[in-house]
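Just below is one structure, and these are the notes that go with it.
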Amino acid sequence: MIENLVIVESPAKAKTIERFLGSNYTVKSSFGHIRDLEKKDLGIDIENNFQPKYEISADKKAVVKELKALAKEAKTVWLASDEDREGEAIAWHLFEALKLKPENTKRIVFHEITKDAILHAIQNPRNIDRNLVNAQQARRVLDRLVGFEVSPVLWKKVKPSLSAGRVQSVAVKLIVEREREINAFKEQQYYKVNGIFETAAEQAEFKADVEERFDTKEHTLEFLEICKKAQFTVSQVETKPSVRKPSPPFTTSTLQQEASRKLGFSVSQTMAVAQKLYERGYITYMRTDSVNLSDLAIRSAKAVICQTLGERYSKSRQFTTQSKGAQEAHEAIRPTYMDKTAIEGDRNEQALYELIYKRMLASQMADAELEKTNITIRVSGSEIPFMASGEVVIFDGFLRMYRESHDDEHDDEKTTLLPQINKGNVVNRKLITATEQYTQHPPRYTEASLVKKMETLGIGRPSTYAPTITTIQNRGYIIKESREGVEKQIQQLELKEDSIQVFTLKKTFGTEKKKLFPSDMGMVVTDFLDSHFPNIMNYNFTAQAEEALDDIAEGDIEWQKMIGQFYSPFHDNIEKTLKNSERNTGARVLGTDPVSGETVSVRIGRFGPMAQIGEGEKVRYAGLRKGQLMETLTLAEALELFKFPRKLGMFEDKEVSVGIGRFGPYIKHNNSFVSLKKGEDDPASISLETAIQRIEEKRESDKNKQIKVFANGIMILNGRFGPYISYEKKNFKIPKTLKAEELTQEECQTIIEKENSKKTTSSKVKSRTTKASAKSKKTNTKTTVKATKAKKTKKEDTTDR
DNA sequence: CAGTGAGCGAGCTTCCGCTTGACTT
């Protein structure tokens with residue numbers, strides 16, 4: 001018999017709470033949502049006032065069974081899921097699925113995991129808030145309707161297996177629109193003038209720049225000529241104090257941004273590392289949109305600061321959340337114990353912890369006090385002045401602990417110290433340089449800056465930022481990659497003493513590191529959705545839906561009514577689009593092939609974007625190269641694609657040719673492929689000799705990979721995860737009980753047969769060559785393995801008890 | 001990993017938000 005059963009969402013939370021509550025309370029976790037709309041079909045009875053059809057999620061069957069058994073013998077069941085829309089719904093689903101009784105079920109909430117907060121919650125139970133639950137049901141049903149009615153339109157009109165949704169489609173649109181802004185951007189050349197001066201009295205050097213940009217070299221030279229003879233007089237000195245305040249402690253979004261900027265983490269990597277820190281009790285919950293801090297946390301931060309840095313550095317602050325649609329079920333992300341300055345763990349874990357620690361501590365520290373000085377230097381004979389600015393830190397305050405970084409940081413050395421200068425002083429020029437520059441297009445999104453943008457639009461939630469970004473990459477809508485910039489020659493003019501010299505420098509422009517680029521598919525799908533479903537693609541759609549959901553939560557409107565108002569025009573639009581719209585391949589005519597006179601065009605084909613010359617019998621195709629977009633491809637670039645594969649000659653009686661594939665240029669010989677050496681080989685000019693050399697190098701390195709080769713083509717190879725068997729281009733795992741070096745051909749044969757028979761029974765999907773099918777196959781086998789494992793562990797549990 | 005790009009038709013795909021593991025060729 002159990003006295004009290006408390007159900008929370010996270011197992012780590014359950015462990016902590018159990019410690020606070022003592023032996024009368026059994027604390028278990030639901031592992032998030034336990035029920036959802038039917039996985040297979042729409043799961044909504046449209047005819048019957050949008051009645052949702054729920055089922056226990058496949059991976060929660062065991063959890064539900066266990067909770068049900070415990071609930072049956074408990075005197076009181078406490079539903080302690082989070083205090084937000086989703087949490088309320090979890091409580092309700094638990095109530096329904098576990099068949100709880102109203103008389104001994106209590107709903108409690110707390111948004112900080114402290115003993116006081118939990119005991120207080122136990123003292124103040126309430127009932128499940130049905131209005132809030134209904135708001136969640138409306139949210140769920142809306143997302144299912146959008147996703148499961150729009151996606152099939154894409155299957156018919158664009159390509160099978162594509163997806164659309166309230167969140168993901170808008171996220172892709174952000175990337176597509178940014179790319180178009182960049183394409184439309186006309187870069188402008190200008191000259192930027194910087195100077196180094198010294199004071200007459202102390203001969204102290206300092207930097208000053210001209211804020212205006214010069215449009216031509218001639219104008220720049222004119223200015224330098226004036227400077228040559230000019231006197232430089234300090235016409236204004238302006239000093240004003242300023243303060244800088246620390247940023248609030250981390251939320252999911254800000255943690256992802258800072259970890260990306262400071263540690264180079266991807267958003268999913270940040271979440272994985274944070275999860276580990278959370279599970280080991282080092283930090284509070286990592287999926288939160290709140291900047292709230294518990295009183296205990298504020299007090300203990302104060303104690304640490306006063307003890308280590310002195311009282312002057314301490315300033316307790318509580319922050320309020322600004323972001324749109326925040327639900328604030330949790331605290332901000334902070335260390336659980338402020339006296340733990342460092343933790344055990346790998347390098348990434350330590351680095352992320354340090355970031356979280358410092359950010360939290362800094363948030364409880366005093367403002368930094370600065371003194372900013374701006375100096376204007378008049379140039380005799382010109383209206384254009386030089387400006388110098390300096391910053392002196394009077395009191396470092398929180399800056400001692402933490403400096404936030406920003407996306408738009410150009411290593412501006414604006415925080416330099418200025419020498420003592422007074423109005424009317426004459427200063428001497430040491431060196432004046434004018435450098436040719438280019439205006440910059442708007443920056444492409446990184447994963448983290450996309451999350452930031454989504455958060456400001458109120459799209460997505462802390463728990464979905466990382467998965468959403470993964471999804472749109474998996475669907476092939478966007479690609480994360482780094483691209484090398486282009487080297488340009490730029491001119492620099494230098495005025496030193498009495499001569500002006502001109503130099504030519506090389507500088508690389510447009511280098512992109514881990515940025516998000518749209519694919520052709522992303523652009524075609526975005527355009528299709530934008531033209532047929534402008535309502536859903538509107539950046540305000542989610543915000544407006546949230547307002548309606550708030551009304552439902554307040555009890556001002558019935559949730560089915562809200563859904564009904566959305567659904568009828570929406571569904572009509574679906575029907576209309578299915579009937580009237582054309583199949584969309586993003587086709588575009590580029591021009592005429594000067595050789596054949598045939599039309600050159602691009603479109604998305606069965607295997608992706610391609611270029612095409614002519615029609616009918618004489619048609620020729622060529623796939624687009626990495627980094628090329630149908631939208632911006634020129635006729636010349638398209639014609640270039642048809643120059644490969646190029647025949648080089650013969651080697652060992654087989655033809656050697658060079659081509660360009662998805663992973664760059666390659667040499668093909670006797671059905672095997674060898675990559676060209678980056679930076680050395682040029683596919684357009686590579687000789688037969690070099691190609692043969694590359695083939696022989698590849699053979700040598702392949703030899704080292706081989707452990708054993710059998711006559712019938714079975715090979716034992718050394719791979720990334722240890723030895724494996726390769727046969728007919730398929731790979732097979734070697735059971736851990738066997739030694740790779742000692743395997744015979746027969747033994748390999750049996751392993752292959754065994755694996756092959758397993759594969760055909762576990763996946764009914766016919767083997768296709770597309771990525772999507774390969775992936776679904778994987779998940780299929782995965783879930784079956786999981787299911788059997790779950791059963792096993794459950795059995796062990798019952799025998800133990 | 002890198003050739004490909006017709007057409008038919010069966011059977012499949014898909015959403016967003018809550019949570020953790022499992023396991024890689």
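Note on naming: letters A, B, ... go to the chains in the order of the sequence lines (proteins, then strands), and numbering restarts at 1 for each one.
- Comparing A/His330 and A/Gly165 by the nucleotide of DNA chain B whose heavy atom lies nearest to each, the residue mapping closer to the 5' end is A/Gly165.
- The side chain of A/Glu9 sits closest to B/dC18 out of B/dT13, B/dG5, B/dC18.
- In this structure, A/Tyr285 does not reach the B/dC18 phosphate: none of its side-chain N or O atoms is under 4.0 Å from OP1 or OP2.
- The interatomic distance linking A/Asp59 (CG) with B/dT19 (P) rounds to 14 Å, in whole Å.
- Close to B/dT20, at under 4.0 Å from its OP1 or OP2, lies a side-chain N or O of A/Arg287.
- Between A/Lys39 atom NZ and B/dC12 atom P there is a gap of 14 Å when expressed in whole angstrom units.
- When distances run from any side-chain atom of A/Asp143 to the nucleotides B/dC16, B/dT14, B/dC15, the shortest one goes to B/dC16.
- Listed pair A/Tyr666 / B/dG3 meets the phosphate criterion, a side-chain N or O lying under 4.0 Å from OP1 or OP2.
- Nearest to the side-chain atoms of A/Pro11 among the listed nucleotides B/dA2, B/dA6, B/dT20 stands B/dT20.
- Each of B/dG5, B/dA2, B/dT19 was ranked by its minimum atom distance to the side chain of A/Met610; first place goes to B/dG5.
- Atom CZ in A/Phe566 sits about 13 Å away from atom P in B/dC16, given to the nearest Å.
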Full working for salt bridge (charged side-chain N to carboxylate O under 4.0 Å, His left out) between A/Glu349 and A/Arg280: CA-CA 11 Å; A/Glu349 289 161 10; A/Arg280 279 188 274 153; 2.5 Å; yes
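- Between A/Ser10 and B/dT19, a side-chain N or O to OP1/OP2 separation shorter than 4.0 Å is absent.
- Between A/Arg475 and B/dT13 there is no side-chain N or O to OP1 or OP2 distance below 4.0 Å.
- If you check B/dT14, B/dT20, B/dA2 against the side chain of A/Tyr278, the one that comes closest is B/dT20.
- Within the 4.0 angstrom heavy-atom criterion, no nucleotide atom of any strand lies near A/Ala89.
- Distance, A/Tyr54 OH to B/dC15 P: 19 Å, rounded to whole Å.
- Contacts of A/Leu145 with the nucleic acid, taken as non-hydrogen atoms under 4.0 Å apart, are absent.
- Atom NE2 of A/His33 is separated from atom C1' of B/dT20 by 15 Å (rounded to the nearest Å).
- To the nearest angstrom, P of B/dC15 lies 11 Å from CG of A/Leu154.
- Between B/dC15 and A/Ser151, no contact under 4.0 Å exists linking OP1 or OP2 to a side-chain N or O.
- Taking a cutoff of 4.0 Å between a charged side-chain nitrogen and a carboxylate oxygen, A/Lys15 and A/Glu18 do not qualify as a salt bridge.
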side-chain contact (heavy atoms from CB on, under 4.5 Å) evaluation trace for A/Ile552 with A/Gln137: CA-CA 10 Å; A/Ile552 297 170; A/Gln137 295 199 92; over 6 Å; no
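- An OP1 or OP2 oxygen of B/dC15 is reached within less than 4.0 angstrom by a side-chain nitrogen or oxygen of A/Gln168.
- Among the heavy atoms of the strands, none lies under 4.0 Å from A/Gly87.
- Within 4.0 Å of A/Val167, counting heavy atoms only, lie sugar-phosphate atoms of the nucleic acid but no base atom.
- Between A/Gln612 and A/Arg620, the side chains place no donor N or O within less than 3.5 Å of an acceptor N or O (distance only, hydrogens not considered).
- The aromatic ring of A/Phe31 does not sit over the base of B/dT20; the criterion of centres under 5.5 Å apart with planes under 30° is not met.
- One finds no salt bridge joining A/Glu88 and A/Arg85 here, because no Lys/Arg side-chain nitrogen approaches an Asp/Glu carboxylate oxygen to under 4.0 Å.
- For A/Glu481, the side-chain hydrogen bond (donor to acceptor under 3.5 Å, both in side chains) test picks out A/Arg483, with sequence neighbours left out.
- Neither OP1 nor OP2 of B/dG17 sits under 4.0 Å from any side-chain N or O of A/Arg140.
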Derivation of the side-chain hydrogen bond (donor to acceptor under 3.5 Å, both in side chains) call for A/Thr542 and A/Arg166: CA-CA 7 Å; A/Thr542 291; A/Arg166 173 177 60 82; 3.2 Å; yes
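- For the pair A/Thr252 (side chain) and A/Met286 (backbone), a donor-acceptor distance under 3.5 Å is present.
- Atom CG in A/Asp36 sits roughly 12 Å away from atom P in B/dC16 (whole-Å rounding).
- Ring geometry, A/Phe566 versus A/Phe541: the interplanar angle falls from 30° to 60°, so the pair is classed tilted.
- Out of B/dC16, B/dC18, B/dG5, the shortest distance to the side chain of A/Ser463 is found at B/dC18.
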side-chain contact (heavy atoms from CB on, under 4.5 Å) between A/Asp82 and A/Glu9, intermediate numbers included: CA-CA 7 Å; A/Asp82 297 341; A/Glu9 292 180 37; 3.2 Å; yes
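- A/Asp41 places its CG atom 14 Å from the C1' atom of B/dC15, with the value rounded to the nearest Å.
- The residue A/Lys40 sits close to a base: some heavy atom pair falls under 4.0 Å.
- In the set B/dT20, B/dG5, B/dC16, the nucleotide with an atom closest to the side chain of A/Gln275 is B/dT20.
- The base of B/dC18 has none of its N or O atoms less than 3.5 Å from a complementary donor or acceptor on the side chain of A/Arg461.
- OP1 and OP2 of B/dG5 both lie 4.0 Å or more from every side-chain N or O belonging to A/Gln612.
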Paired and unpaired positions of DNA chain B as dot-bracket, Watson-Crick or G-U wobble under 3.5 Å, | denoting a partner strand: .........................
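- With centres under 5.5 Å and a plane angle under 30° as the test, the ring of A/Phe148 is not stacked against the base of B/dC15.
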